[in-house]
Protein chains: 2
Amino acid sequence: MQFNDKVPIYYQIKQYVYREIIVGHLTAGHQLPTIRQLAVTLTVNVNTIQRALSELIKENVIIPQRGKGNFVTTDQTILTALKQQVITSEFDQLYDNLAALNIPPATMVQQLQIYIDQRKDDQHD
Amino acid sequence: MQFNDKVPIYYQIKQYVYREIIVGHLTAGHQLPTIRQLAVTLTVNVNTIQRALSELIKENVIIPQRGKGNFVTTDQTILTALKQQVITSEFDQLYDNLAALNIPPATMVQQLQIYIDQRKDDQHD
DNA sequence: TCAAGTGTATTAGCTTTCTATTACACTATA
DNA sequence: TATAGTGTAATAGAAAGCTAATACACTTGA
């Protein structure tokens with residue numbers, strides 16, 4: 001996994017777990033990799049993993065069980081809300097940044113379409 | 001100006017200057033506010049401003065003149081490239097993050113359209 | 001010439017983040 | 001019961017970012 005050095009690692013790990021849950025690699029009630037396993041996999045210190053997970057625990061997204069491991073919540077309300085939040089925040093970010101460039105909303109959609117079309121063409125590698 | 005505490009302030013200021021140039025609040029050859037003025041306006045230390053500007057200077061986006069001030073480059077090649085880079089990087093970020101959620105490109109456009117429509121409706125405040 | 005306003009540089013100290021290490025509490029199982 | 005594997009906690013040190021303060025180099029204009 002690659003980290004952006006402009007953002008705290010623990011925060012990026014938190015976002016990573018969000019994505020793993022939303023994509024379905026981690027499903028309701030299932031166990032996460034061990035904190036120590038995650039530390040090895042992501043080549044990061046145990047404390048940094050713990051810092052990320054402690055925030056997810058506060059949010060009731062994952063449930064810790066001493067001596068056993070960490071588990072994804074089975075509360076579907078939380079899980080469906082999570083998906084909406086993460087996706088919406090992506091669009092929020094794009095919208096705000098492009099609006100700051102005086103780009104009108106209709107143009108944002110057009111430009112995204114153009115960007116994606118170009119990306120398809122550029123796949124000749 | 002509001003800063004995101006997850007990203008270095010100097011970096012956000014750099015992005016801010018990019019936007020001011022692209023939007024046209026700062027035009028080719030024109031003088032930027034003084035470093036000390038910027039420090040007051042953004043309620044940030046002079047050194048933090050200096051750190052942001054030093055990167056813009058390395059990129060030849062702004063040109064410093066000792067005893068006079070900092071000026072936006074008159075090199076149109078740099079300025080037009082800048083605009084493209086900034087806008088493209090916004091789409092890059094959105095694309096990567098949504099792709100990580102297994103959202104196909106066509107859906108991204110649809111969802112952005114829906115998001116923008118909702119935002120219009122929500123303007124009833 | 002001199003004073004005020006520029007950019008530039010340096011030092012010191014604080015806070016946050018990350019790492020390394022050690023220790024402890026709990027669970028499962030041999 | 002003992003051991004290995006969990007989460008949890010605390011301490012110390014390094015690095016990055018930010019602030020505060022001071023000083024210096026250059027330009028402009030009175």
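- Contact annotation for N70(A): backbone-only contact, meaning every heavy-atom pair under 4.0 Å involves sugar-phosphate atoms and none involves a base.
- Side-chain atoms of R36(B) and base atoms of dG5(C) include no donor and acceptor less than 3.5 Å apart.
- When each of K68(A) and T48(B) is assigned the nucleotide of DNA chain D bearing its nearest heavy atom, the one mapping closer to the 5' terminus is K68(A).
- Under the 4.5 Å side-chain contact rule for hydrophobic residues, Y10(B) and V40(B) do not share a cluster.
- Looking at R119(A) and D96(B), a side-chain N of the basic residue comes within less than 4.0 Å of a carboxylate O on the acidic one, giving a salt bridge.
- A side-chain donor-acceptor contact under 3.5 Å links T88(B) and Q84(B).
- Nearest-nucleotide assignment on DNA chain C puts the 5′-proximal partner with Q37(B), out of N47(B) and Q37(B).
- The distance from atom CD1 of I63(B) to atom C1' of dT6(C) is 17 Å, rounded to the nearest whole Å.
- Ranking dC26(C), dT6(C), dT8(C) by closeness to the T34(B) side chain, first place goes to dT6(C).
- Y16(B) and Y18(B) fall within the same hydrophobic cluster, defined by Ile, Leu, Val, Met, Phe, Trp and Tyr side-chain heavy atoms under 4.5 Å apart, directly or through other members.
- If you take NZ of K14(A) and P of dT17(C), they are 12 Å apart, rounded to a whole angstrom.
- At whole-Å resolution of the value, CG in N45(B) and C1' in dT8(C) are 14 Å apart.
- The nucleotide range of DNA chain D contacted by chain B, defined by atoms under 4.0 angstrom from heavy atoms of the protein and reported 5' to 3', is dG17(D) to dT28(D).
- Between K6(B) atom NZ and dT16(C) atom P there is a gap of 12 Å when expressed in whole angstrom units.
- The nearest whole Å value for the distance from the CG atom in D5(A) to the C1' atom in dT17(C) is 13 Å.
- We find the CD1-NE2 distance between I21(A) and H30(A) to be 12.5 Å, quoted to the nearest 0.5 Å.
- One interatomic measurement links the two molecules: OH of Y11(A) to P of dC18(C), which rounds to 13 Å at whole-angstrom precision.
- With rounding to the nearest 0.5 angstrom, the CD1 atom of I103(A) is 4.5 Å from the CG atom of L98(A).
- Taken to the nearest 0.5 Å, the CD1 atom of I22(B) stands 10.5 Å off from the OG1 atom of T80(B).
- In this structure, V44(B) reaches the sugar-phosphate backbone alone: every heavy-atom distance under 4.0 Å involves primed, P, OP1 or OP2 atoms, never a base.
- Following rounding to the nearest Å, R51(B) (CZ) and dT10(C) (P) show an atom-to-atom distance of 15 Å.
- dT8(C) atom C1' lies 6 Å from atom CD of Q50(B), rounded to whole Å.
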